[in-house]
Amino acid sequence: MTDTTSQNEHGLTPDDGEAAAARIMPGPQRAVIIAATLAGIVLAIYQLFQFRQFGVVLEGRYLYILAGLFLSITFLIYRARPGEKGTAPWYDWLLAAFAAAVAGYFAWTADMSLEQGWEYAAPDNARWASLAFWVLVLEATRRAGGTVLFLIVLVISLYPTFAGWMPNPLNGFQQPFWDTIPFHMISAESSFGIPMKSFGQLVIGFILFGAVLARTGGGAFFNDLAFSLVGQFRGGAAKVAIFASGLMGSMSGSVISNVLSTGAVSIPTMKKTGFSPQTAAATEACASTGGVLMPPIMGATAFIMASFLGLPYVEIALAAAIPSLLYYFGLFTQLDAYAARKGLKGVPRAELPKLGKTLASGWTYLFVFALLIYMMVSLRQETLAPFYATALLLVLNQILPGNRLSLRGASDAIVGTGGALAELTTILLGVGLIVGAFSATGLAGTLVNDLIFMAGNSTLALLVMGAATAFVFGMGMTVTACYVFLAVVLAPALEQVGLNRIAIQLFILYWGMVSYITPPVALGAFTAATLAGANPFKVGMEAMRLGAVIYIIPFFFVLDPALVGQGTASEIVVALVAALLGVWFISGGLQGYVTFCGPLGKSVLGYVMRTMLVFAGLAMAIPGNESLGLTHLGTAITGVVLAAPPILVALMQGRRAATA
C-alpha cells in the first residue's frame, strides 16, 4: 500500500516498489528478499500481538530490526544508476549487508542507548555507526525516492549544523555535526520518530493485506462487481472505472499501480463505448487518485496522520468519508453529463458479468472486507485487523477453488510485498530526517509565527500559501514526505488561527495529491495516457476538469469542519446537502450539461449559463465562516439565485431535444 508520488530518475515511480521487486529474476536476490520479508512480517506479528515467548522486544529495537531488513532489500531492488536492471552487482550486496549490520548494531545496543542517552552523548562507536547509517539511508532514499527527494533530505538533515548562521526566519539552534548525526539515527524524534513508528505499528499490516488481496484476485472481483452494478447505464464503462479504481485504490493506496492494473481493463472498455482516448485516460487517473483519499484504508499517509494527531485511525477514516464522497460525486456527475451530452450508451447487458454469479464467486472478498471494517470500527483493533483479514483471506483462498495461490504465486506475493515494504521504509527513514532537523533546531515553532505574520493573520491567505506549497512539494516529493514536512511546518500555523486539526491534516493530504492529475507532473494522468494512446498533456488538462472538485473541497472542509464530520448531526447534514448541490452545479457548468435537466448549449448564452452555474455551485457549497463574513443562508440564497437561470435553460433545452 504505497502512498508515494514523483517519478525518479530510474524510470520508476515510488509506487513501483512492488512491481520492481516482482520483476527480479529467481536466484539469490529473490531468496534473500523472501527471507527478509517473512522475517519482518513474523517480527511485526510477534510485536503487535504482544507475544512474550522469547521476551519483550523494546520498540526501538523492533524498529531498528525492521529498518535493517527492509533497507537491505532496497539495495537489492533499486540499482545505483538510472536504467540499470537485472542482477544486483557485488557492491549492492555489500551495501545490503552493511545496512543489516549497522541496524543490527543499534538493535543490539538499544538498551544501553536508552539508559545512557546516546542521542545526546553517543560514544565514538555509536557516532561512526550513526554516520554509516545516515549515509545508507540517504543513498537508499535517492534510489527509491529520486534525486529531488534525496537533495531535500540531505540539505535539511544537515540544517542543524548551520542553522545558527541563517537569517530570520530560518535561524535556529545550531549543533556540531557529530551531535547532529547521532541525534538523527538514535533519537525517537528523527528517522525513528512518528513516521517510522507508524509504519511499525499500523502500515505494515495494511501493506500486507493489500498485496495479498491483489494477488488472490481481489482486483478482478471488484472490477466485475462494478461492471455488473453500473455497466449498463449511460457512460457505464466510466462509472465502472470510478467504482473499481476507487475500491482498489483505497486498498492498495497506490495511484500508479492502480492506473496500470484497473486501467488496463477500464480504458479500452471506455474507448469501445464511445469515450475519447483523453477522457478515458483522465477518468482512470482521477478515479485512481481518489482511491488513495477514500476510506476505509486510504494510503499509508493516513496512518501517519493518525499518529501525528494521537487519534485512532478510524477517526481519520470517518473524517475523510464526506470529502471522498464529494470528490467521487463530482467525478460521477461530470461523466454522466459527458455521456448524456455525447449520447453514449452503456455496455450491453449480455456482455456484462451477472451480479449473482459475481457475488457467488467473490463473496470471500466481501466477507474479509467486512471483518476488516468490523475490527477497525467496532472493536477498535486497527493494528491487528489487517493481519486477521489477511489470514482469513489466505485460508478461504486455499480452501475454495478459483484464485487459489500456487507456490509460485505465493512466492511472487511475498516478493512484491517485500518490495512495497522496502520502498516505504526507505522513504520514511529519509522523511524522518526532515522531522529530526526541525526538532533539533526548534525551527518549526519560529516558522509558525513567521507564516502567520506573512499571511497578515488572514486565514484564507494562509490556506492559499499552504495549498501552493503542498502542490509544489507534491511534484518533487512523495506524498508522505510532503505531508510530514507540512504537518511539521504549516499545520501548527493553521491550528493557531483556530482551524480544526483533522481538517488541516486532510487539507495538506489532498493538496499533496493534486500533482497526480495536474500538469506539468500529472503522473497519474500521464501513465493513463500511455495506456489510452492519448496526448499526455491533453489528458492532464481533461483530468483537471474531471477532478476539479479536488481543488476546492479542501478549502470548504477546512473552513467548515462539519464536512469532516466534526459537528452536530444537523450541521453535518446541512453542510453535506449544500456541498452536494454545489458540486452538482459545478459539474454541470464544467460539462455544459446538467444531469436530470438537459444541455446548456454551445452558444454565447450557453457559456454564460455555464459560468453562472459554476459560480452558483461555489456559492452553494462554500461554508459559512465568520472571519470571512459568510453565512450559510446568505451563500445558499446566492447559489439558488445564480443557478435558477441555467437550470431553466437546461430544462427547456432538454425538453426541446426530447420532442425533436
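Between the side chain of T426 and the backbone N or O of T141, no donor-acceptor pair lies under 3.5 Å. The backbone N or O of T216 sits less than 3.5 Å from a side-chain atom of Y365, completing a donor-acceptor pair. Side-chain N or O atoms of H184 include none that pairs as donor or acceptor with a backbone N or O of S191 at under 3.5 Å. Between the side chain of S324 and the backbone N or O of A321 there is no donor-acceptor pair closer than 3.5 Å. Judged by distance alone, with hydrogens and angles left aside, the side-chain atoms of R61 form a donor-acceptor pair with the main-chain N or O of A107 at under 3.5 Å. Between the side chain of T109 and the backbone N or O of Y105 there is at least one donor-acceptor pair closer than 3.5 Å. Under a 3.5 Å cut-off, the side chain of Q47 and the backbone N or O of V57 do form a donor-acceptor pair. The backbone N or O of M375 sits nowhere less than 3.5 Å from a side-chain atom of S378 that would complete a donor-acceptor pair. At distances below 3.5 Å, at least one donor-acceptor pair connects side-chain atoms of R142 with backbone N or O atoms of A80. The backbone N or O of I186 lies less than 3.5 Å from no partner atom in the side chain of S190, so there is not a single donor-acceptor pair.
Within 6.0 Å of atom OH in Y91, more than 12 heavy atoms from other residues, nucleotides or ligands are found, so the atom counts as buried in its surroundings. Counted within 6.0 Å of CH2 on W178, heavy atoms from surrounding residues, nucleotides or ligands total more than 12; the atom is thus considered enclosed. Remark: Y374 OH is loosely packed, at most 12 non-hydrogen atoms of other residues, nucleotides or ligands lying under 6.0 Å away. Within a 6.0 Å radius of CZ in F98, no more than 12 heavy atoms belonging to other residues, nucleotides or ligands are found.
By the salt bridge (charged side-chain N to carboxylate O under 4.0 Å, His left out) test, D179 is found to be paired with R127, residues two or more places apart in sequence or in another chain being considered. Listed by chain and residue number, nothing satisfies the salt bridge (charged side-chain N to carboxylate O under 4.0 Å, His left out) test with E189 (two or more places apart in sequence, or in another chain).
For the atom pair CG of L154 and OG1 of T147, the computed distance is 11.5 Å after rounding to the nearest 0.5 Å. One distance of note links CD of E119 with CG of L114; it measures 8.0 Å at 0.5 Å rounding. The distance from the CG atom of L384 to the CZ atom of F387 is 8.0 Å, given to the nearest 0.5 Å. Expressed to the nearest 0.5 Å, how far OG1 of T358 lies from CH2 of W363 amounts to 15.5 Å. One distance of note links CZ of F303 with CD1 of I316; it measures 10.5 Å at 0.5 Å rounding. For the atom pair CZ (F150) and CZ (R143), the distance works out to 11.5 Å, reported to the nearest 0.5 Å.
In this structure, a donor-acceptor pair under 3.5 Å is present between the side chains of R30 and S411. Inspection of the Q201 and E59 side chains reveals an N or O donor paired with an N or O acceptor under 3.5 Å.
Scanning all heavy atoms of the two residues, the minimum distance from A385 to M376 falls at CB-CG, 3.8 Å. Shown here for I204 and A44, the closest heavy-atom pair between the two residues is CD1-CB, 3.8 Å. Heavy atoms only, all atoms of each residue included: F75 and A99 are closest at CE1-CB, 4.2 Å. Across every non-hydrogen atom of G68 and A103, the tightest pair is CA-CB, 3.4 Å. Residues T37 and I414 share a closest heavy-atom pair of CG2-O, 3.6 Å. Heavy atoms only, all atoms of each residue included: M185 and S130 are closest at CG-O, 3.4 Å.
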* For T390 and L394, what are the C-alpha separation, side-chain angles and deciding distance, and is it a side-chain contact (heavy atoms from CB on, under 4.5 Å)? -> CA-CA 6 Å; T390 302; L394 288 172; 4.1 Å; yes

* Go through Q175 and T161 one step at a time and tell me if the side-chain contact (heavy atoms from CB on, under 4.5 Å) criterion holds. => CA-CA 5 Å; Q175 296 182 15; T161 64; over 6 Å; no

* Under the side-chain contact (heavy atoms from CB on, under 4.5 Å) rule, what do I502 and L311 come out as? Steps first, then yes or no, please. => CA-CA 10 Å; I502 295 180; L311 296 173; 3.7 Å; yes

* Given the rule in the side-chain contact (heavy atoms from CB on, under 4.5 Å) test, do I434 and S157 qualify, once you have shown the distances and angles that lead to the verdict? -> CA-CA 6 Å; I434 297 175; S157 69; over 6 Å; no

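Between V564 and P323 there is a side-chain heavy-atom pair separated by less than 4.5 Å. A heavy-atom distance below 4.5 Å is not found between the side chains of K197 and S307. With a 4.5 Å cut-off on side-chain heavy atoms, L213 and L393 count as touching. At least one side-chain heavy atom of M196 sits under 4.5 Å from a side-chain heavy atom of T425. In this structure, the side chains of V32 and L76 come closer than 4.5 Å at one or more pairs of heavy atoms. Using a 4.5 Å heavy-atom cutoff, the side chains of L138 and L433 are in contact. For the pair S113 and W108, the minimum side-chain heavy-atom distance is 4.5 Å or more. The side-chain heavy atoms of F209 and V368, taken from C-beta on, include a pair separated by under 4.5 Å.
The ring-ring contact (aromatic ring centres under 6.0 Å, His included) test with F106 is passed by exactly one of W134, W118, F192, Y64: Y64.
Centroid-to-centroid, the aromatic rings of Y388 and F49 come within less than 6.0 Å. Annotation: F438 is in aromatic contact with F485 [ring centroid separation under 6.0 Å].
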